[in-house]
Participant: 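Please find one structure pasted underneath; my questions will follow.
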Amino acid sequence: MLDIQLLRNDLAGVAARLATRGFALDTARFEQLEGERKVIQTRTQELQARRNATSKQIGQAKAKGEDVSAIMAEVANLGDELRQMETRLEQVQHELNAFLSVIPNMPHEGVPAGKSETDNVEVRKVGNVPQFDFEVKDHVSIGEGLGGLDFETATKISGARFSLLKGPLARMHRALAQFMLDTHTEKHGYTETYVPYIVNADSMRGTGQLPKFEEDLFRVPRQLGDEGETDFYLIPTAEVPVTNIVRDSIVPLEQLPLKFVAHTPCFRSEAGSYGRDTRGMIRQHQFDKVELVQLIHPEQSYAGLEALLGHAETILQQLGLHYRVVKLCTGDMGFSAAMTYDIEVWLPAQNTYREISSCSNFEAFQARRMQARFRNAQGKPELLHTLNGSGLAVGRTLVAVLENYQQSDGSVVVPGVLRSYMGGMEVIRAS
RNA sequence: GGAGAGGUGGCAGAGUGGUCGAAUGUACCUGACUCGAAAUCAGGCGUAGGUUUAAGCCUACCGUGGGUUCGAAUCCCACCCUCUCCGCCA
């Protein structure tokens with residue numbers, strides 16, 4: 001959510017910056033709602049003040065045993081108008097809130113302007129494109145050849161866009177997650193967390209998945225008595241439960257930055273992605289991810305983003321995988337982000353780079369929705385900045401390892417850093 | 001699932017219809033005393049919003065939402081959460 005004060009003070013400026021990411025801000029609508037709000041709120045508060053003063057008089061008069069019927073008659077007339085005004089004010093504020101909550105974040109000045117992913121800017125390439133002296137297979141062929149990847153059975157059990165891992169591949173999947181967690185906690189100073197995978201709507205609103213992107217989520221209905229039926233949601237990323245740790249709270253200055261890492265499954269409906277990445281485990285309804293989250297002082301958030309990006313990159317470097325970092329352009333960024341870097345790993349079978357991590361600074365956008373604050377040097381509560389990034393997507397990392405470490409005989413070499421997590425196994429061969 | 005207790009400021013804890021945004025204690029800040037500290041004394045100390053050049057004035061907030069009333073922390077209803085005991089359970 002943007003700061004409403006910013007819209008009041010510099011509506012044209014906000015509209016201009018939002019336009020760079022392809023969002024047309026309805027300034028006329030805002031001005032109309034704001035104007036209405038102003039008039040109604042002032043009037044409402046005026047009436048409330050009068051009611052309060054009069055009621056106080058009644059109390060005092062009664063205490064002295066005086067007759068209060070005259071004052072009572074006076075205040076009786078107030079009631080109707082006040083009720084009307086209060087109702088109207090509530091409506092207008094709801095409308096304003098709904099209007100604000102679907103406005104995306106403003107891109108940081110350092111974000112390149114552009115319309116789509118073709119306008120993203122490559123920041124760096126790390127490592128080299130691996131060369132093969134045989135025809136490379138994709139991870140599906142490799143995995144099925146090894147007897148460890150079984151989409152047919154997964155489809156029987158659940159349906160499309162699910163996968164089933166067995167044997168050494170399942171173990172490598174676990175090894176990857178362990179390796180990532182250990183690296184981030186031991187080398188990068190993150191606190192490991194175990195969090196709920198099912199969350200309430202408030203948490204989804206806090207990080208910006210709701211109200212705009214409900215169709216991307218899996219919703220879990222629950223019955224609570226007759227009326228109070230509130231639905232749960234499966235998390236689409238650990239960003240949601242982890243960032244919401246600080247929702248509605250004030251963090252002491254000396255505790256910043258808070259750095260959390262969590263390994264969770266992620267659930268996405270993938271509505272609207274029919275026909276895309278249907279082969280393999282690139283795009284699934286359920287996948288594991290190790291997520292990095294930082295809750296940080298506003299002055300440090302951009303330095304923090306670079307650091308967090310580096311933490312994610314470390315994993316790929318340790319695994320010996322070639323990748324590149326791209327800075328997303330204004331038109332390609334997610335709803336809540338002010339700046340985003342994607343890390344794209346090289347997949348030889350597709351002869352291209354594929355996203356394996358996305359690291360963003362949300363500035364105060366999420367914090368404002370969540371009322372996540374810290375106590376600044378002056379002792380006043382101030383909004384935090386929030387950062388998060390994948391460190392990394394486990395399923396896609398497994399894909400990258402299978403494809404980049406394949407050998408001509410169909411076996412796969414286990415990267416050195418994973419071997420201790422796999423009982424010393426050096427090569428995965430067909431059983 | 002059954003029975004009971006409870007949710008008030010950073011914390012503890014009063015307050016059961018009127019001057020209560022809320023006693024008191026504690027923590028914290030400022031000042032006095034002191035060489036300094038402790039103790040003591042005095043003062044200050046919630047959040048959000050509106051309005052104003054500003055000082056200020058005003059509004060809302062006592063788990064959440066509704067209701068009764070001229071007036072609600074206080075009364076009524078629903079819900080959420082916490083705790084205790086019993087049952088069940090990984």
Participant: Within this structure, what is the CG-to-C1' distance between A/L383 and B/rA48, rounded to whole angstrom?
Facilitator: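 Computing the A/L383:CG to B/rA48:C1' distance gives 12 Å.
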
Participant: What nucleotide among B/rU59, B/rU51, B/rU19 has an atom nearest to a side-chain atom of A/K56?
Facilitator: B/rU19

Participant: Reckon A/E86 touches a base, only the sugar-phosphate, or nothing at all at heavy-atom distances under 4.0 Å?
Facilitator: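 Nothing, no heavy atom under 4.0 Å.
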
Participant: So among A/N9, A/L100, A/N97, which one has a side chain to side chain contact (heavy atoms under 4.5 Å, CB included) with A/I4?
Facilitator: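 Checked A/N9, A/L100, A/N97 against A/I4; only one passes side chain to side chain contact (heavy atoms under 4.5 Å, CB included): A/L100.
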
Participant: So does A/E95 pair up with A/R29, basic N to acidic O under 4.0 Å?
Facilitator: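 Yes, charged N to carboxylate O under 4.0 Å.
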
Participant: A/Q371 or A/A53: which one's nearest nucleotide on RNA chain B is closer to the 5' end?
Facilitator: A/Q371

Participant: What's the CD-P distance between A/Q41 and B/rA48, to the nearest Å?
Facilitator: 15 Å

Participant: Is the phosphate of B/rC58, meaning OP1 or OP2, less than 4.0 Å from a side-chain N or O of A/N52?
Facilitator: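 Result: no.
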
Participant: Using the P atom on both, measure B/rU40 against B/rA78 and round to a whole Å.
Facilitator: 49 Å

Participant: Looking at A/E270 and A/R161, does any basic side-chain N land under 4.0 Å from a carboxylate oxygen?
Facilitator: no

Participant: Could you measure between the two C1' atoms, the one in B/rG71 and the one in B/rG6, and give it in whole Å?
Facilitator: 28 Å

Participant: Under 4.0 Å between a side-chain N or O of A/R373 and OP1 or OP2 of B/rG46?
Facilitator: no

Participant: Could A/D277 and A/R396 be called an ion pair, given the rule that one side-chain N must be under 4.0 Å from one carboxylate O?
Facilitator: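 No.
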
Participant: A/Q45 side chain: which of B/rC70, B/rU47, B/rG50 is closest?
Facilitator: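 Nearest to the side chain of A/Q45 among the choices is B/rG50.
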
Participant: Could you pull out the closest heavy-atom pair between A/S357 and A/A312, with the gap in Å?
Facilitator: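 Shortest heavy-atom contact: OG-CB, 4.0 Å.
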
Participant: Identify the two heavy atoms, one from A/A160 and one from A/H285, that lie closest to each other, and give their separation to 0.1 Å.
Facilitator: O-CD2, 3.4 Å

Participant: Given atom CD of A/E34 and atom C1' of B/rG50, what is their separation to the nearest angstrom?
Facilitator: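 Atom CD in A/E34 sits about 11 Å away from atom C1' in B/rG50.
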
Participant: Please determine whether a side-chain nitrogen of the Lys or Arg among A/E86 and A/R83 lies less than 4.0 Å from a carboxylate oxygen of the Asp or Glu.
Facilitator: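 A/R83 and A/E86: not salt-bridged.
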
Participant: A/Q60 side chain: which of B/rG18, B/rU19, B/rG49 is closest?
Facilitator: B/rU19

Participant: Please give, in whole Å, the distance from B/rA48 P to A/I250 CD1?
Facilitator: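 Answer to the nearest Å: 8 Å.
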
Participant: Would you kindly give the CD-to-C1' distance between A/E81 and B/rC70, to the nearest whole Å?
Facilitator: 16 Å

Participant: Give me the distance, rounded to whole Å, that separates B/rA23 from B/rA73 when you measure between the C1' atoms they each carry.
Facilitator: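 14 Å, rounded to whole Å.
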
Participant: Does the distance from a Lys or Arg side-chain N to an Asp or Glu carboxylate O, for A/E81 and A/R43, drop under 4.0 Å?
Facilitator: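 Yes.
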
Participant: Starting at atom CD of A/E46, determine the distance to atom P of B/rA60, rounded to an integer number of angstrom.
Facilitator: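 Those two atoms, CD and P, are 14 Å apart.
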
Participant: Suppose you measure atom P in B/rU74 against the same atom in B/rG66; what distance do you get, rounded to whole Å?
Facilitator: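 14 Å, rounded to whole Å.
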
Participant: Is there a donor-acceptor pair closer than 3.5 Å between any side-chain N or O of A/H94 and the backbone N or O of A/E90?
Facilitator: yes

Participant: If I pick the P atom on B/rU53 and the same atom on B/rG44, what distance separates them, to the nearest angstrom?
Facilitator: 30 Å

Participant: Nearest whole Å is fine: how far is B/rG65 P from A/D202 CG?
Facilitator: 12 Å

Participant: Can you give me the dot-bracket string for RNA chain B, 5' to 3', counting Watson-Crick and G-U wobble pairs with both distances under 3.5 Å, using [ ] for crossing pairs and | for partners on another strand?
Facilitator: ((((((((.[[[..)..(.....]]].(((((.......))))).((((((....)))))).[[[[[..)....]]]]])))))))....

Participant: What is the distance from CG of A/D248 to P of B/rC81, rounded to the nearest Å?
Facilitator: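 Checked: the CG to P distance equals 16 Å.
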
Participant: Which is true for A/R50 with a 4.0 Å heavy-atom rule: it touches a base, it touches only sugar-phosphate, or it touches nothing?
Facilitator: nothing

Participant: Report yes if a donor N or O on one partner sits less than 3.5 Å from an acceptor N or O on the other, where the partners are the side chain of A/K62 and the base of B/rG18; otherwise report no.
Facilitator: yes

Participant: Want to settle it: does A/G59 or A/Q48 sit nearer the 5' end of RNA chain B, counting the closest nucleotide to each?
Facilitator: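 Its nucleotide being nearer the 5' end, the pick is A/G59.
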
Participant: Work out how far the P atom of B/rG43 is from that of B/rG49, and round it to whole angstrom.
Facilitator: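 To the nearest whole Å, 32 Å.
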
Participant: For B/rC33 versus B/rG46, give the span between their P atoms, rounded off to a whole number of Å.
Facilitator: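 About 27 Å, rounded to a whole number of Å.
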
Participant: Mind checking the C1' distance from B/rG13 to B/rA27? Whole angstroms is fine.
Facilitator: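 Straight-line distance between the two C1' atoms is 14 Å.
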
Participant: Students often get this wrong, so: under 4.0 angstrom with heavy atoms, is A/R37 touching a base, only sugar-phosphate, or nothing?
Facilitator: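 Counting heavy atoms under 4.0 Å across all strands, the contact made by A/R37 is with sugar-phosphate only.
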
